[in-house]
Amino acid sequence: MDMQYRRLGNSGLQVSTLSLGSWVTFGNQIGDNVAEDLMKMAYDNGINFFDNAEIYAQGKSEIVMGNILKKMGWDRTSYVVSSKVFFGDGRKKPNQTGLSRKHIWEACHDALRRLQVDYLDLFFCHRPDRNTPIEETVRAMNTLIEQGKVLYWGTSEWNAQQITEAHLYARQNYLIGPLMEQPQYNMFHRERFEVDYAPLYKNFGLGTTIWSPLASGLLSGKYNNGMPEDTRLNLKGMDWIKDIWITDEYLTKVKNLAALAADLGTTMPCLALAWCAKNPNVSTVILGASKVSQLEENLKALDVLPFLTPDVMENIETILGNKPKQPTF
Ligand code: NDP
């Protein structure tokens with residue numbers, strides 16, 4: 001199926017339903033030549049959004065992506081590139097992390113330099129910062145937009161109340177509020193996306209660029225029969241991901257889902273990705289890939305959408321057994 005595009009929330013910006021991110025991979029797990037092959041394959045298949053952050057490989061991920069963008073020479077109007085501010089790029093002195101006006105301003109300029117672009121299409125506050133008033137952050141983002149250095153700003157893993165506060169402050173002061181949120185969303189992580197944010201889609205036209213759609217690879221089914229060597233779970237410092245995701249309960253569910261995928265004539269990664277894309281509140285599903293073959297497979301996910309009938313969705317719910325309860329009043 002050809003790539004599909006969705007509006008990012010209530011903005012006029014169109015993002016491909018599948019996009020490509022660089023966490024763990026660019027500047028770290030994979031060589032720059034693989035990163036280039038991935039971006040090229042993505043772009044050639046209609047992906048128009050590339051996701052990045054100051055903290056990814058401590059700035060190196062943005063440098064690698066910037067070099068590829070420059071080398072490819074793609075029309076700047078044909079793609080959307082992001083950065084995120086909060087965790088810093090490895091430097092940890094006061095003001096080198098967080099969401100103060102100072103760090104937001106400096107992180108934006110560092111990202112522009114590393115990515116070798118004149119403006120960021122999307123700029124995310126990577127986490128909430130309890131040490132900075134939301135008002136300061138909203139004003140700093142609004143200033144960057146007015147300066148033409150950022151086109152749209154958003155949040156990542158902010159709770160519904162924090163996003164609402166940012167919007168209300170922006171509205172009261174005729175400033176531009178956050179357009180999009182970047183939350184984790186996958187078959188095993190649903191509550192906040194499906195329940196907490198529900199009023200935000202309606203009230204603010206919130207767009208979403210969702211992360212870890214395969215739960216760091218668990219939902220690809222690759223761990224169903226033991227632990228392959230060359231995966232992110234074996235990288236130094238990644239034990240915490242293993243601890244979260246590699247449990248008997250999840251593995252049993254993934255095995256049952258894989259059987260369902262096979263019945264549908266598809267693969268486990270495509271089923272899991274299509275399931276995310278099926279949710280109309282998802283603007284784009286950010287793919288991660290350490291190999292070109294993975295991206296090649298994942299790009300077929302949209303072909304599965306027509307097979308996700310109400311009956312199939314119900315069967316998936318039965319296997320997952322984790323449908324979040326919506327409030328009744
Ligand atoms: P996924 O959950 O989809 O995990 C991707 C990883 O799963 C790949 O790197 C690969 O890892 C494995 N994989 C992917 N496809 C296949 C396949 N077909 N077969 C077998 N294994 C496969 O997404 P990510 O966790 O990478 O998140 C995607 C993006 O979201 C990130 O790049 C980043 O841009 C963003 N993100 C944002 C966060 C935030 O806080 N805002 C947090 C995390 C991510 P391997 O080969 O190593 O096993």
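The first residue in the sequence is number 1, and the count goes up from there. Indexing begins at 1, ligand by ligand and atom by atom, following the structure's order.
Every atom of ligand 1 is numbered from 1 in the order shown, and the set under 4.0 Å from a heavy atom of L214 is 1 (P), 2 (O), 3 (O), 14 (C), 15 (N). Of all the atoms in ligand 1, the ones that sit under 4.0 Å from a non-hydrogen atom of S156 are 39 (C), 40 (O), 41 (N). Contact atoms of ligand 1 toward S22: 32 (O), 34 (O) (distance under 4.0 Å to a heavy atom of the residue). Interface atoms of ligand 1 facing H126, defined by a heavy-atom separation under 4.0 Å, are 39 (C), 40 (O), 41 (N). Heavy-atom proximity to P269, at under 4.0 Å, picks out these atoms of ligand 1: 18 (N). Atoms of ligand 1 found under 4.0 Å from any heavy atom of Q29, numbered from 1 in the order shown, are 47 (O). Every atom of ligand 1 with a heavy atom of A289 under 4.0 Å away is listed here by number and element: 8 (C), 9 (O).
Judged by a 6.0 Å distance limit and a 45° cone about the ring axis, R76 is positioned over the six-membered ring of Y119.
Annotation: side chain of R139 is in contact with side chain of N173 (closest heavy-atom distance under 4.5 Å). Residues L151 and L122 fail the side-chain proximity criterion, which asks for heavy atoms closer than 4.5 Å. Residues M187 and L257 meet the side-chain proximity criterion, which asks for heavy atoms closer than 4.5 Å.
Considering H126, R114, E62, E54 as possible partners of S83, the one that fulfils the side-chain hydrogen bond (donor to acceptor under 3.5 Å, both in side chains) test is E62.
Residue Y56 places a heavy atom less than 4.0 Å from ligand 1. Heavy-atom distances between Q184 and ligand 1 stay at or above 4.0 Å for every pair.
The protein heavy-atom contact nearest to atom 30 (O) of ligand 1 is W211 CB, 3.2 Å. Remark: minimum distance from atom 14 (C) of ligand 1 to any protein heavy atom is reached at G288 O, 3.4 Å. The nearest heavy-atom contact from the protein to atom 37 (C) of ligand 1 is Q182 OE1, 3.0 Å. Of all protein heavy atoms, the one lying nearest to atom 19 (N) of ligand 1 is S220 CB, 3.8 Å. With hydrogens left out, the protein atom closest to atom 2 (O) of ligand 1 is S216 N, 2.8 Å, a heavy atom. Nearest protein heavy-atom contact of atom 18 (N) of ligand 1 is N298 OD1, 3.0 Å. For atom 7 (O) of ligand 1, the closest heavy atom belonging to the protein is G217 CA, 3.3 Å. Residue, atom and distance of the protein heavy atom nearest to atom 31 (C) of ligand 1 are W23 CB, 3.5 Å.
At a 3.5 angstrom cut-off on N or O pairs, R232 counts as close to ligand 1. For ligand 1, one of its N or O atoms has an N or O atom of S212 under 3.5 Å away. Checked by distance only, ligand 1 and S290 come closer than 3.5 Å through their nitrogen or oxygen atoms. Taking distance alone, with nitrogen or oxygen atoms compared against 3.5 Å, K84 stays at or beyond that limit from ligand 1. Checked by distance only, ligand 1 and T25 stay at 3.5 Å or farther apart across all their nitrogen or oxygen atoms. Considering backbone and side-chain N/O atoms, A215 comes within less than 3.5 Å of an N/O atom of ligand 1.
One finds no salt bridge joining R127 and D129 here, because no Lys/Arg side-chain nitrogen approaches an Asp/Glu carboxylate oxygen to under 4.0 Å. Ion pairing between a basic and an acidic side chain is recognised when a charged N comes within 4.0 Å of a carboxylate O; E36 and K40 show no such pairing.
Between Y43 and W74, a ring centre-to-centre spacing shorter than 6.0 Å is recorded.
Across E157, Q294, K222, heavy-atom proximity to atom 17 (C) of ligand 1 is greatest for Q294. The residue from D51, L299, T231, I286 that puts a heavy atom closest to atom 28 (C) of ligand 1 is I286.
Residues S290 and R232 bring no donor and acceptor atom of their side chains to less than 3.5 Å of each other. Donor-acceptor pairing under 3.5 Å is recorded for the side chains of S61 and S22. A donor-acceptor pair shorter than 3.5 Å can be found between the side chains of N279 and Y185. Residues E181 and T208 bring no donor and acceptor atom of their side chains to less than 3.5 Å of each other. Using modelled atom types and a 3.5 Å distance limit, the side chains of T309 and D311 yield no donor-acceptor pair. Residues S78 and D75 have side chains that never bring a donor and an acceptor to within less than 3.5 angstrom of each other.
A search for salt bridge (charged side-chain N to carboxylate O under 4.0 Å, His left out) contacts involving E317 returns R190, K323, not counting sequence neighbours.
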